[in-house]
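Written out below as structure tokens is the structure these notes cover.
In what follows, residues are counted from 1 in the order of the sequence shown. In listed order, ligands and their atoms are each counted from 1.
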Amino acid sequence: MRSFVVLVALISILETGNSTDCKNEPRCQISRVYGMRAADCSDRKFKYFPQCIRSDIEVIDLAMNRIRKLRFADLERYRNLKALYLQDNALAKLEEDTFDGLDDLTGLDISGASHVKIPPNIFRLPSLQTLYLSQQMNSNIVEVLETTKPITCPLVHLDISYSEIERLPEMGLLPTLVKYNVSGNNLFELGVKHFSGLCGLRHLITENVSLSLTKPCECWNTNRWLISKGFKDPPFDCQLKDNLCEEVPFNSSDKENYEKCSILLGEIARRSLLKKVLLPLATVMLVILLCIFCYFRRRRRYLEQPSYRIPAEEESMNSLPLKKIENS
Ligand SMILES: *[C@@H]1O[C@H](CO)[C@@H](O)[C@H](O)[C@H]1NC(C)=O
Ligand SMILES: *[C@@H]1O[C@H](CO)[C@@H](O)[C@H](O)[C@H]1NC(C)=O
Ligand SMILES: *[C@@H]1O[C@H](CO)[C@@H](O)[C@H](O)[C@H]1NC(C)=O
């Protein structure tokens, strides 16, 4: 009895402790966005990651707050997160494991962080497709992208615009990447090697890129490569007359990279075809076959049934066990 009282007291203390915290926490607006549970917490002067949102939330928009650091423990409650918007928080500290275990996370925006070290584990998240890393000051984007090779997240859209990048990262083979925004950077180096592993790239955004190259023909060469891979217009503004550069064959290691990437891309396409078309098709076929089978079985049973019954016989058969029970 006494322990029960203590327990009740303890629970009530814990609850009041919790609720006072949540009373002080700014409120987020919960709604449904594309069928997902979403919390709009943008521009609410959050100084730490909110801890009072329902834990099954799938989207959290925390843009324009004052969150400076983010740890694993801050996100531990929210294991169903699919998208997390943290732009314009001046994030300064992320830990190695901050985003670990967010296996459903497909979109992450940490634009506008200052001096933050991007943890390499981000590039190993199993579902991450969209990553905004624009307007970073003094960040390690290039280094981290190069040292985490191979990047295993299925990255489709990468934005590293206006991030004071002086050369683009050599990311290795990244066949999933379709959209790459490198706008607003001042590049001192540019080469085919920055693109040779990106065989799925379709949209390269290069607005306001300024170039200070020691070998200006590398820009022209890069454009030539990208055009040979299906780009209609030269993506980079080389400010150079074409006839100044000599048309040399592309580096064999770049060609090799592109081929390896294309093989991976083919595998991905086959797998997604299997998942999106063939599996559903096989399921539908199976259901149809099952229906046909059932139909014919019922029909056969129906045909095999005697066309008339002997009511007396049926009755005696039905009542037989009942009588036995009565007797015993
Ligand atoms: C590329 O980045 C710039 C700057 O962040 C942005 O204004 C622009 O809309 C982006 N372009 C695309 C196509 O996403
Ligand atoms: C590119 O630079 C020009 C001039 O500096 C500026 O007017 C324009 O807004 C910039 N574009 C973007 C997308 O920031
Ligand atoms: C080709 O690329 C590799 C690796 O980037 C480099 O080491 C080599 O010098 C390049 N060869 C030529 C001929 O440019």
Side-chain angles (χ1 to χ4, degrees), residues 33-34 38 40 42-43 59-67 70 82-92 94 99 105-118 122-123 125 127-146 151 153-171 174-191 194-195 197-213 219 222-223 225-227 229-239:
V33 177
Y34 298 114
D40 178 3
S42 60
D43 198 9
V59 178
I60 301 183
D61 182 354
L62 269 164
M64 295 179 285
N65 281 289
R66 294 171 186 168
I67 299 167
L70 201 56
K82 294 195 169 77
L84 180 56
Y85 301 97
L86 286 162
Q87 64 268 38
D88 302 321
N89 271 277
L91 265 177
L94 293 173
F99 300 102
L105 193 70
T106 56
L108 177 63
D109 190 338
I110 42 181
S111 299
S114 58
H115 307 276
V116 81
K117 294 279 165 275
I118 314 279
I122 285 186
F123 303 104
L125 288 170
S127 307
L128 190 68
Q129 297 189 352
T130 304
L131 181 59
Y132 290 96
L133 296 174
S134 83
Q135 288 162 305
Q136 308 275 323
M137 270 162 48
N138 267 317
S139 90
N140 62 335
I141 295 176
V142 175
E143 292 82 0
V144 76
L145 276 162
E146 289 185 346
I151 293 163
C153 67
L155 206 56
V156 175
H157 178 188
L158 177 64
D159 188 330
I160 54 171
S161 57
Y162 292 90
S163 285
E164 304 184 346
I165 285 169
E166 299 187 346
R167 67 181 172 91
L168 297 176
E170 285 177 58
M171 294 187 277
L174 195 49
T176 49
L177 195 72
V178 173
K179 188 171 171 183
Y180 190 19
N181 193 342
V182 301
S183 301
N185 291 303
N186 179 17
L187 303 177
F188 289 84
E189 199 193 325
L190 184 65
H194 298 134
F195 297 97
L198 311 179
C199 57
L201 189 64
R202 292 292 164 267
H203 308 285
L204 177 60
I205 301 118
T206 58
E207 290 159 23
N208 285 22
V209 165
S210 57
L211 298 169
S212 323
L213 306 178
C219 174
T222 306
N223 276 342
W225 167 274
L226 288 167
I227 285 169
K229 301 305 176 199
F231 278 81
K232 277 205 202 83
D233 305 310
F236 291 97
D237 179 12
C238 300
Q239 302 181 326

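Taking Ser111 as the reference, Asp109, Ser134 meet the side chain to side chain donor-acceptor pair (under 3.5 Å) condition, with sequence neighbours excluded. The disulfide (SG to SG under 2.5 Å) check on Cys153 picks up nothing, with sequence neighbours excluded.
Near Tyr162, the atoms of ligand 1 lying under 4.0 angstrom from a non-hydrogen atom of the residue are 4 (C). Of all the atoms in ligand 1, the ones that sit under 4.0 Å from a non-hydrogen atom of Ser161 are 2 (O), 3 (C), 4 (C), 5 (O).
With no hydrogens or angles considered, a side-chain donor-acceptor pair links Ser210 and Asn186 at under 3.5 Å.
Here the shortest heavy-atom distance to atom 13 (C) of ligand 1, taken over Val182, Thr206, Ile160, Ile205, belongs to Ile205.
If you look at Lys179 next to ligand 1, the close heavy atoms, those under 4.0 Å, all belong to the side chain.
For Tyr132 and His157, the ring centers sit closer than 6.0 Å to each other.
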